[in-house]
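Accompanying notes for the structure given below.
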2 protein chains.
Amino acid sequence: MLSNSSKYAIKAVLYLAINSNEEKKVTVKDISTPINVPQAYIAKLLQELVKADIISSTRGPKGGFYLNEVNKNQPVINILNVIDGEKRLTSCMLSLEKCKEEKPCPLHNILSPSRKKITHLLHLKSIKDLATEVQLGNAFLPL
Amino acid sequence: MLSNSSKYAIKAVLYLAINSNEEKKVTVKDISTPINVPQAYIAKLLQELVKADIISSTRGPKGGFYLNEVNKNQPVINILNVIDGEKRLTSCMLSLEKCKEEKPCPLHNILSPSRKKITHLLHLKSIKDLATEVQLGNAFLPL
DNA sequence: AATATTTTATGATAAAAATCATATTTAAGA
DNA sequence: TCTTAAATATGATTTTTATCATAAAATATT
Ligand code: FES
Ligand code: FES
């Protein structure tokens, strides 16, 4: 469904959404343990996310990663699109070149509605939305 | 979503559902081209499928792969479970050890219903069902 | 029985994804 | 301005997945 990398990325971003802001930045060392992802690995992912404007960062002492308001209000799908690419969730499940209603593969007619719903929801829900669910105790994060 | 291997496997099984039976077996050489999968690769997959009783085969001259009635009436999910393993479609989308309603990850509450629907439909639909859709012209196969 | 045709078993190679490692750059604070 | 703490850039290594190759076993046909 999702690659390992994008799972890690989502966990990291949600962690930042809950535990950081412009004044309180989080270092790669401090995020690695609570989200249970190897430090060197999450470091690389965070760098990609910064470059894609999903999260923010500053270097040097007192630096670290954080989410500003613009970051928080992005849809969750942005994370997946950066890490996994847009096609992962939308390309044909049998790898036909063009996935469309006019020439559907045998899985399309039965599964496409559910898949579309998934991507729709990922567009609809913002990072902040998910973070709020965690804060309300309606959802939980690792370990 | 699905591995390359299980996409290939589904295409192959559907091809057999449409083009084979006990009297008319299909050789690995004859299936490779129409489903557009390298011969050595699909050969290996077909062997796994035979071992798992998803499809049937006989060796020697006039031998080949085919689907009997029992094979055809199996749910499509059987193919995926053999090739990709059962967890691929059901394990937590953020890799939490246990994916369940009582302690859902932040993606669970929003996406789990759609995912459950997908696996439910894959249980519900038989290989024959999908083959019929192709034969009726409601779905299409590669190239 | 011999031959030819097919699957089966087994493993080798290549490509991609996941993971690890480190030198460089930036910025804060003494 | 020097030192230190952080991200950034870059690339190496490992593991997994995908792909390719082939000798052995089985069966139909002659
Ligand atoms: S054509 Fe295959 S999923 Fe749409
Ligand atoms: S707990 Fe993550 S998908 Fe169910």
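Side chain to side chain, B/Lys117 and A/Ser114 fail the donor-acceptor criterion of an N or O pair below 3.5 Å.
The interatomic distance linking B/Gln47 (CD) with D/dA24 (P) rounds to 16 Å, in whole Å. Atom pair A/Lys44:NZ and D/dT8:P shows a separation of 14 Å (rounding to whole Å applied). Atom CG of B/Asp84 and atom P of D/dT16 are 16 Å apart (whole Å). Atoms OH (B/Tyr41) and P (C/dT13) sit 18 Å apart, rounded to a whole Å. Rounded to an integer number of Å, the gap from B/Asn36 CG to D/dA18 P is 16 Å. A straight line from CD1 of A/Ile42 to C1' of C/dA17 spans 15 Å, rounded to a whole angstrom. What separates CG of B/Asn4 from P of D/dA18 is a distance of 5 Å, to the nearest Å. Distance CD1 (B/Ile55) to C1' (C/dT7): 11 Å, rounded to an integer number of Å.
When atom types are taken as modelled, the side chain of B/Asn71 and the backbone of B/Asn68 share a donor-acceptor pair closer than 3.5 angstrom. Formation of a donor-acceptor pair under 3.5 Å by the A/Ser6 side chain with backbone atoms of A/Leu2 is not found in this model.
Between A/Gly60 and A/Ala40, the residue anchored closer to the 5' end of DNA chain C is A/Ala40, taking for each the nucleotide with the nearest heavy atom.
Among the heavy atoms of the strands lying under 4.0 Å from A/Lys51 are primed sugar atoms or P, OP1, OP2 only; no base atom is included.
Between A/Lys116 and A/Glu101 there is a salt bridge, since a side-chain N of the basic residue sits under 4.0 Å from a carboxylate O of the acidic one.
The side chain of B/Ser3 approaches D/dA18 more closely than any other nucleotide in the set D/dA18, D/dT8, C/dA9. Out of C/dT8, D/dT8, D/dA18, the shortest distance to the side chain of A/Val50 is found at D/dT8. In the set D/dC20, C/dC20, D/dA9, C/dC20 carries the atom at the smallest distance from any side-chain atom of A/Pro38. The side chain of B/Lys62 lies closest to D/dA28 when the candidates are C/dA27, C/dT7, D/dA28.
A sub-4.0 Å separation between OP1 or OP2 of D/dA18 and a side-chain N or O of B/Ser5 is present. Within the 4.0 Å cut-off from OP1 or OP2 of D/dT19, at least one side-chain nitrogen or oxygen of B/Tyr8 is found. Contact annotation: B/Thr58 side-chain N/O to C/dT6 OP1/OP2 distance is not under 4.0 Å. Considering only side-chain N and O atoms, A/Thr27 lies under 4.0 angstrom from the phosphate OP1 or OP2 of D/dA7.
Both A/Tyr8 and A/Ile35 belong to a common hydrophobic cluster when Ile, Leu, Val, Met, Phe, Trp and Tyr are linked at side-chain heavy-atom distances under 4.5 angstrom.
Put simply, the side chain of A/Arg59 and the base of C/dT25 share a donor and an acceptor less than 3.5 Å apart.
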